[in-house]
Amino acid sequence: MPDPIVTRFAPSPTGFLHIGGGRTALFNWLLAKKLGGKMLLRIEDTDRARSTKEAIDAILDGLHWLGLTWDGDVVYQFARAARHREVAEDMLAKGKAYHCYATPEELEAMREEAKAQGKPMRYDGRWRDRSETDRQEAAARGLKPVIRLKAPQTGETVVEDLVQGRVTWANENLDDLVLLRSDGTPTYMLAVVVDDHDMAVTHIIRGDDHLTNAARQTQIYEANGWKVPAMAHIPLIHGADGAKLSKRHGALGVDAYRALGYLPAALRNYLVRLGWSFGDQEIFSTEEMIAAFDLKNVGRSPARFDFAKLENINGHYMRHTPDAELMAAIEQVLPHIEGGAEIAARLDGGLRAKWLEAMPGLKERAKTLVELIDGAKFLYAARPLALDDKARDILDKGGRAVLKALLPRLEAVTQWDAATLEAAVRAESEATGQKLGMLAQPLRAALTGRSTSPGIFDVFAVIGREESLARIRDQA
RNA sequence: GCGCCCUUCGUCUAUCGGUUAGGACGACAGCCUUUCACGUUGUAAAGACGGGUUCGAUUCCCGUAGGGCGCGCCA
């Protein structure tokens with residue numbers, strides 16, 4: 001029986017879950033779902049100085065929001081330090097590693113010299129074959145050794161990558177990396193290998209910034225006689241200018257995307273198509289995504305993050321989300337957006353009902369939840385309405401007279417629904433020879449305070465007779 | 001500097017040696033229309049460059065250029 005599929009997402013908690021990490025998690029999650037396996041979550045918190053509880057919470061929160069669930073308990077790497085040390089000692093005992101007493105100053109000097117001579121900056125292996133007496137002497141001088149891997153110096157190390165293909169390094173280009181620091185704590189390189197092995201990980205999907213690490217980690221696997229998991233190094237996401245994603249571009253935490261009003265399903269859809277494709281298909285339900293996903297179709301070149309496309313996809317998802325569901329999404333996002341708390345406080349049953357009624361007109365005019373929420377302001381705006389510049393302009397340039405003329409007709413309407421109101425306004429249009437737009441725009445300005453809104457007769461209906469007439473009288 | 005990787009419309013991408021190089025976003029134009037949208041129709045827009053291999057290269061090989069990543073007792 002083949003091994004059960006196990007993927008893992010292994011972020012280091014030194015900051016929020018950024019968009020590239022989100023995509024890496026998504027790919028791991030998709031592969032696990034597709035193959036009926038599990039996705040594990042490991043927090044790589046061995047850097048005690050930089051790891052924070054806030055970052056861990058942000059990462060877990062981000063994954064939850066994105067809808068990416070992991071199996072089993074979260075593994076905290078730092079808690080496994082004793083096991084890592086045990087492996088390092090074991091490698092030492094087997095002659096696969098050795099004590100190195102080179103000081104940080106020595107190492108720095110070595111790098112300086114290599115740089116000056118235009119040579120590769122690598123550890124030169126000066127303690128690799130030292131005698132036991134040399135080591136004892138160094139220890140006697142009070143030096144604390146690190147444990148380094150006794151890496152092969154000839155031949156090559158090969159990574160059969162599911163995305164990158166077969167990638168080869170001459171071993172002479174790879175130096176003896178540190179496995180255990182002089183203070184007895186494991187390095188990332190050792191910890192990752194030991195953990196992935198112990199956690200029975202079968203597929204490692206991560207950013208291709210780890211590709212070189214893959215070679216060095218392969219050497220550690222081989223030194224221990226362990227099976228090397230399948231690896232897939234996916235290209236990084238770049239900013240719109242092609243440079244590495246920075247805070248200026250889109251290297252925001254996924255929580256920022258929530259605050260910008262994107263739907264998790266839309267972000268997932270956008271992210272999965274960055275570097276991966278399935279023919280000409282652009283929109284994928286979660287089920288379709290899982291069924292179609294395949295590492296074979298992941299490209300090798302980096303993709304640029306494009307907010308315009310994300311907005312388009314988000315708009316698509318909003319228009320196709322049932323109104324009640326969208327309402328729930330709005331209420332969930334309110335605490336995360338500016339001014340959301342006040343809106344949440346006003347959102348009683350009455351407003352919710354109105355909002356739901358207006359939703360069809362609202363959602364096709366917004367690309368994000370934030371835009372949708374903004375567009376809904378007329379539902380609860382206090383009289384007299386604040387007018388934006390364009391609305392004021394419409395009213396100042398003849399709009400008020402139009403409103404005065406329309407008022408009697410509107411006041412005469414008793415059956416306050418869109419069709420009846422439209423008939424009334426059209427009657428005025430025909431009577432005076434003014435185009436419908438000439439009448440609709442002043443009404444829109446008076447009812448919403450803006451020059452754009454959902455269909456004006458729907459606005460009438462949602463706002464209700466008394467409020468509508470009052471808003472018109474305010475401006476007439 | 002050394003190593004590894006990448007290179008099709010502005011952007012995301014399709015193409016498994018032979019295509020009018022396709023789709024999507026964005027842009028522009030038209031239609032629809034009470035505004036804005038939605039929808040819809042159409043237009044412009046690409047194989048980095050130079051050599052090979054081949055009857056035939058976007059596709060395979062080499063080189064050049066450009067870009068990315070890595071080179072810590074960080075992860």
Side-chain angles (χ1 to χ4, degrees), chain A residues 10-14 44-47 49-51 77 100 102-104 107-108 111 114-123 144-148 159 161 164-165 167-170 173-175 177-183 185 187-189 191-192 207-216 233 235-236 238 240 242-244 270 273-283 297 299-313 315 319 361-367 375 390 394 422 425-426 429 435-441 443-445 448 450-457:
Chain A
S12 58
T14 55
E44 313 225 307
D45 56 349
T46 52
D47 185 339
R50 294 199 300 153
S51 298
Q77 191 161 61
C100 166
T103 62
L107 262 17
E108 183 54 32
R111 276 189 285 270
K115 194 173 179 182
Q117 295 183 11
K119 289 185 175 167
M121 296 181 275
R122 283 184 268 113
Y123 171 69
K144 296 273 186 211
V146 298
I147 295 180
R148 282 185 187 271
V159 171
D161 195 277
Q164 303 290 332
V167 187
T168 306
W169 287 263
N173 290 320
L174 268 14
D175 62 5
L177 65 273
V178 174
L179 298 169
L180 203 69
R181 301 188 187 102
S182 54
D183 66 358
T185 59
T187 61
Y188 162 81
M189 217 61 82
V192 168
D208 72 8
D209 50 337
H210 285 284
L211 189 56
T212 310
N213 291 338
R216 322 191 73 173
H233 289 88
L236 266 18
H238 288 176
K244 189 177 181 178
Y270 174 70
R273 282 285 289 105
L274 225 45
W276 173 80
S277 61
F278 188 68
D280 284 341
Q281 191 170 345
E282 299 281 350
I283 302 295
N297 298 322
R300 284 190 276 178
S301 55
R304 302 187 187 201
F305 194 89
D306 181 11
F307 270 103
K309 185 132 188 182
L310 207 212
E311 287 210 334
N312 171 274
I313 289 177
R319 292 192 294 280
L362 253 17
K363 72 181 180 185
E364 72 175 30
R365 288 173 171 74
K367 291 195 171 68
K390 286 178 183 170
I394 289 167
E422 178 164 358
V425 175
R426 281 193 186 277
S429 167
K435 281 188 175 176
L436 194 54
M438 294 297 290
L439 308 181
Q441 280 306 79
L443 288 171
R444 191 182 318 278
T448 69
R450 300 183 181 186
S451 60
T452 66
S453 79
I456 194 62
F457 304 110

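Residue numbers start from 1 in every chain, and the chains themselves are labelled A, B, ... in the order their sequence lines are given, proteins ahead of strands.
- Regarding A:Arg365, its CZ atom lies at a distance of 11 Å from the C1' atom of B:U33, rounded to whole Å.
- The A:Ser277 side chain lies nearest to B:A14 when the options are B:A75, B:C12, B:A14.
- The aromatic ring centroids of A:Tyr270 and A:Phe307 lie 6.0 Å or more from each other.
- You'll find that the side chain of A:Arg111 is closest to B:G72, out of B:G72, B:G23, B:G70.
- The residue A:Arg300 sits close only to the backbone: its heavy atoms come under 4.0 Å of sugar-phosphate atoms, none of a base.
- Looking at heavy-atom distances under 4.0 Å, A:Thr452 makes contact with a base.
- The pairing partner recorded for B:U19 is none, the criterion being a Watson-Crick or G-U wobble arrangement whose two distances lie under 3.5 angstrom.
- Nucleotide B:G72 holds its P atom 15 Å from the CG atom of A:Leu179, rounded to whole Å.
- Distance from the side chain of A:Ala308 is smallest to B:C25 among B:C12, B:C25, B:A37.
- With hydrogens and angles left out, the side chain of A:Ser453 and the base of B:C36 share no donor-acceptor pair within 3.5 Å.
- Across all strands shown, A:Pro454 has heavy atoms under 4.0 Å from base atoms, whether or not it also approaches the sugar-phosphate.
- Taking atom P in both B:A27 and B:C36, the straight-line distance is 15 Å, to the nearest Å.
- For the pair A:Glu364 CD and B:U33 P, the interatomic distance rounds to 15 Å; values are reported in whole Å.
- As judged by a 4.0 angstrom heavy-atom cut-off over every strand, A:Thr46 is placed among residues touching the sugar-phosphate backbone only.
- Residue contacts shown for A:Met438 are absent, as no nucleic acid heavy atom lies under 4.0 Å away.
- Among the protein residues, A:Leu274 comes within range of the sugar-phosphate backbone only, with heavy atoms under 4.0 Å from sugar or phosphate atoms but none that close to a base.
- Pairing for B:C2 is with B:G70, a Watson-Crick or G-U wobble pair whose two hydrogen-bonding atom distances lie under 3.5 Å.
- Rounded to a whole Å, the CZ atom of A:Phe278 is 14 Å from the C1' atom of B:G23.
- Rounded to whole angstrom, the span from the CD1 atom of A:Ile283 across to the C1' atom of B:C12 amounts to 13 Å.
- In this structure, A:Arg319 reaches the sugar-phosphate backbone alone: every heavy-atom distance under 4.0 Å involves primed, P, OP1 or OP2 atoms, never a base.
- Using a 4.5 Å heavy-atom threshold, the side chains of A:Arg300 and A:Pro235 count as separate.
- Atom NZ of A:Lys435 and atom P of B:C32 are 12 Å apart (whole Å).
- One P atom belongs to B:U54, the other to B:G22, and the distance between them is 30 Å to the nearest Å.
- Distances shorter than 4.0 Å separate none of the side-chain N or O atoms of A:Arg273 from OP1 or OP2 on B:C25.
- Spacing of C1' atoms, B:C9 relative to B:C4, comes out at 29 Å, to the nearest Å.
- Side-chain N/O atoms of A:Asn213 and base N/O atoms of B:A75 include a donor-acceptor pair closer than 3.5 Å.
- For A:Ala440, whose side chain is taken as the heavy atoms from C-beta onward, the closest listed nucleotide among B:G72, B:U34, B:A75 is B:U34.
- Residue A:Glu44 is classed as a sugar-phosphate contact, given heavy-atom separations below 4.0 Å to backbone atoms only.
- At least one side-chain heavy atom of A:Glu282 sits less than 4.5 Å from a side-chain heavy atom of A:Arg273.
- Taking every side-chain heavy atom of A:Pro302 into account, B:C6 is the closest of B:C6, B:U13, B:C73.
- Within the nucleic acid shown, A:Arg216 has no heavy atom closer than 4.0 Å to any nucleic acid atom.
- Taking atom CG of residue A:Leu310 and atom P of nucleotide B:C25, one finds them 14 Å apart after rounding to whole Å.
- The number of heavy-atom neighbours closer than 6.0 Å to OH of A:Tyr188, taken from other residues, nucleotides and ligands shown, is above 12.
- With hydrogens and angles disregarded, no donor-acceptor distance shorter than 3.5 Å links the side chain of A:Ser277 to the backbone of A:Gly279.
- Among the protein residues, A:Phe457 comes within range of the nucleic acid bases, having at least one heavy atom under 4.0 Å from a base atom.
- Within the 4.0 angstrom heavy-atom criterion, no nucleotide atom of any strand lies near A:Ala214.
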Can you tabulate the close N/O pairs, meaning under 3.5 Å, that link protein atoms to atoms of nucleotides 1-4 of chain B?
unit_1 : atom_1 : unit_2   : atom_2 : d
B:G1   : O2'    : A:Gly118 : O      : 2.5

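- Rounded to a whole angstrom, the distance from the C1' atom of B:C62 to that of B:G42 is 44 Å.
- Of the candidates A:Leu177, A:Asp183, A:Val178, A:Val146 forms a side-chain contact (heavy atoms from CB on, under 4.5 Å) with just one, namely A:Val178.
- Rounded to the nearest Å, the gap between the C1' atom of B:U13 and that of B:C71 is 33 Å.
- A:Asp45 and A:Arg50 are not joined by a salt bridge, as no carboxylate oxygen comes within less than 4.0 angstrom of a charged side-chain nitrogen.
- The NZ atom of A:Lys390 sits 9 Å away from the C1' atom of B:C36 (whole-angstrom rounding).
- In this structure, A:Gly275 reaches the sugar-phosphate backbone alone: every heavy-atom distance under 4.0 Å involves primed, P, OP1 or OP2 atoms, never a base.
- Atom P of B:C16 sits at a distance of 14 Å from the matching atom of B:U58, rounded to the whole Å.
- Residues A:Val425 and A:Phe457 meet the side-chain proximity criterion, which asks for heavy atoms closer than 4.5 Å.
- Nucleotides B:C32 and B:A48 have their C1' atoms positioned 43 Å apart, rounded to a whole Å.
- Taking only distance into account, the side chain of A:Asp280 meets the base of B:G22 through a donor-acceptor pair shorter than 3.5 Å.
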Evaluation steps, side chain to side chain contact (heavy atoms under 4.5 Å, CB included), between A:Arg444 and A:Ser451: CA-CA 6 Å; A:Arg444 191 182 318 278; A:Ser451 60; 5.6 Å; no
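- Residue A:Asp175 is tested with A:Arg148, A:Met121, A:Arg122 for a side-chain contact (heavy atoms from CB on, under 4.5 Å); the sole match is A:Arg122.
- Checked by atom type and distance alone, the side chain of A:Arg216 never pairs as donor or acceptor with a backbone atom of A:Thr212 at under 3.5 Å.
- Annotation: B:G47 and B:U20 have their C1' atoms spaced 16 Å apart (nearest Å).
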